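Input: a single structure, listed below in structure tokens.
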Amino acid sequence: MVLARWGLVPFFAKSLADFKGFSTFNARAEGITTAATWRGPVKSRRCLVPVDGFYEWKALDDSRKPKKQPFAISLKTDEPMAFAGLWDAWKEPKLKGESLHTADTWLQSFSIITTEANEIMANIHTRMPVILRQRDWAEWLDRDLEKSPPIHLLRPYDSDEMQLAPCNPMVGNVKNNGAEMLECPAPDTPPLNSA
DNA sequence: CCAGACGTTGTT
DNA sequence: GTCTGG
DNA sequence: CCAGACGTTGTT
DNA sequence: GTCTGG
């Protein structure tokens, strides 16, 4: 198990600056074998991403202004789960004349794969991460290049085994972290200054 | 041929 | 690195 | 994705 | 409204 940067940087990127603003947090399962950024990784650099759960926002369109309610999503068993992921390795291209003996530092990065929402997720969103069952982990990680990638595993998880709970809107700000993100404040509490 | 892209989600 | 668009 | 910025001159 | 940063 390794730590890696979320947001896959393809091996062919010329510089990290060029890649700034490019969204590779998610890889759509549809077309994943042909997309330039994903086809190499899906062939030979598949990984699992362990998580306790994840958040997704539901757009509430019952008011003029679009508002969002975040939900925390997990397995009913509260066990951790494994997202299907892809990884790559990138290093700054060597300039001409640059010593071949300078230390290479490789950036390890990954993306998670998304698929269409299952029934329970469709209540709040159109997409969801691909979650793999333990019995499928070995097949997903198999590095035998003679075999074609097991893309049949890239489908929505069983709704009956998942649970959603409204959670703390503070989670919408990336600076906020911690268990209290899972706690939903009393619903429909008007803002104190709304009088 | 060379230059430029190479990706996703959501929202209207 | 490899494909697409001009 | 959501939150937060969105600007200039001059000074250190 | 739209872009940037986290």
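A, B, ... follow the sequence lines: proteins, then strands. Residue 1 opens every chain. Please read all numbers here as calculations on a predicted model, not as lab measurements.
- A sub-4.0 Å separation between OP1 or OP2 of B:dG7 and a side-chain N or O of A:T24 is absent.
- Summarising the base pairing, D:dT8 is matched to no nucleotide, lacking a Watson-Crick or G-U wobble pair whose two defining distances lie under 3.5 Å.
- Taking the ring centre of A:F110 as origin, the terminal cationic atom of A:R46 falls outside the region bounded by 6.0 Å and 45° from the ring axis.
- With both pairing distances under 3.5 Å, B:dC1 is matched to C:dG6 as a Watson-Crick or G-U wobble pair.
- One interatomic measurement links the two molecules: CD of A:Q69 to C1' of D:dC2, which rounds to 14 Å at whole-angstrom precision.
- Separating the CH2 atom of A:W38 from the C1' atom of B:dA5 is a distance of 14 Å, rounded to the nearest angstrom.
- Taking the P atom of each, D:dT9 and B:dA5 are spaced 32 Å apart, rounded to whole Å.
- Contact annotation: A:N26 side-chain N/O to B:dG7 OP1/OP2 distance is not under 4.0 Å.
- Under a 3.5 Å cut-off, the side chain of A:N123 and the backbone N or O of A:I120 do form a donor-acceptor pair.
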Just by protein heavy atoms under 4.0 Å, how would nucleotides 1-6 of chain C read 5' to 3' in B, S and -?
BSS---

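- The CH2 atom of A:W90 sits 15 Å away from the C1' atom of B:dC6 (whole-angstrom rounding).
- Per the geometry, CZ belonging to A:F110 stands 16 Å off C1' belonging to B:dG7, to the nearest Å.
- Taking every side-chain heavy atom of A:K175 into account, D:dG4 is the closest of D:dC2, D:dG4, B:dG7.
- Counting all heavy atoms, side chain and backbone alike, A:N118 lies closest to A:M162 at ND2-SD, 3.4 Å.
- For the 3.5 Å distance criterion, the side chains of A:T33 and A:R39 fail to qualify, holding no donor opposite an acceptor.
- Distance NZ (A:K68) to C1' (D:dC2): 8 Å, rounded to an integer number of Å.
- Between the P atom of B:dT11 and the CZ atom of A:R127 lies a distance of 15 Å, rounded to the nearest Å.
- Straight-line distance from the CG atom of A:L86 to the P atom of B:dT8: 11 Å, rounded to whole Å.
- For A:N168 (side chain) and A:C184 (main-chain N/O), no donor-acceptor pair under 3.5 Å exists by modelled atom type.
- Using a 4.0 Å heavy-atom distance criterion, A:S111 is classed as making no nucleic acid contact.
- Straight-line distance from the CH2 atom of A:W6 to the C1' atom of B:dG7: 14 Å, rounded to whole Å.
- In this structure, A:W38 and A:L8 have side chains that are in contact, with non-hydrogen atoms separated by less than 4.5 Å.
- Between A:W87 and A:S111, every side-chain heavy-atom pair lies at or beyond the 4.5 Å cut-off.
- The same atom, P, is picked in B:dT12 and in D:dC2; the two are 12 Å apart, to the nearest Å.
- Across the P atoms, E:dG1 and D:dT8 are found 23 Å apart, a figure rounded to whole Å.
- Straight-line distance between the P atoms of E:dG5 and D:dG7: roughly 13 Å, to the nearest whole Å.
- Between A:F25 and A:W6, the angle of the ring planes goes over 60°, which puts this pair in the perpendicular group of the 30/60° scheme.
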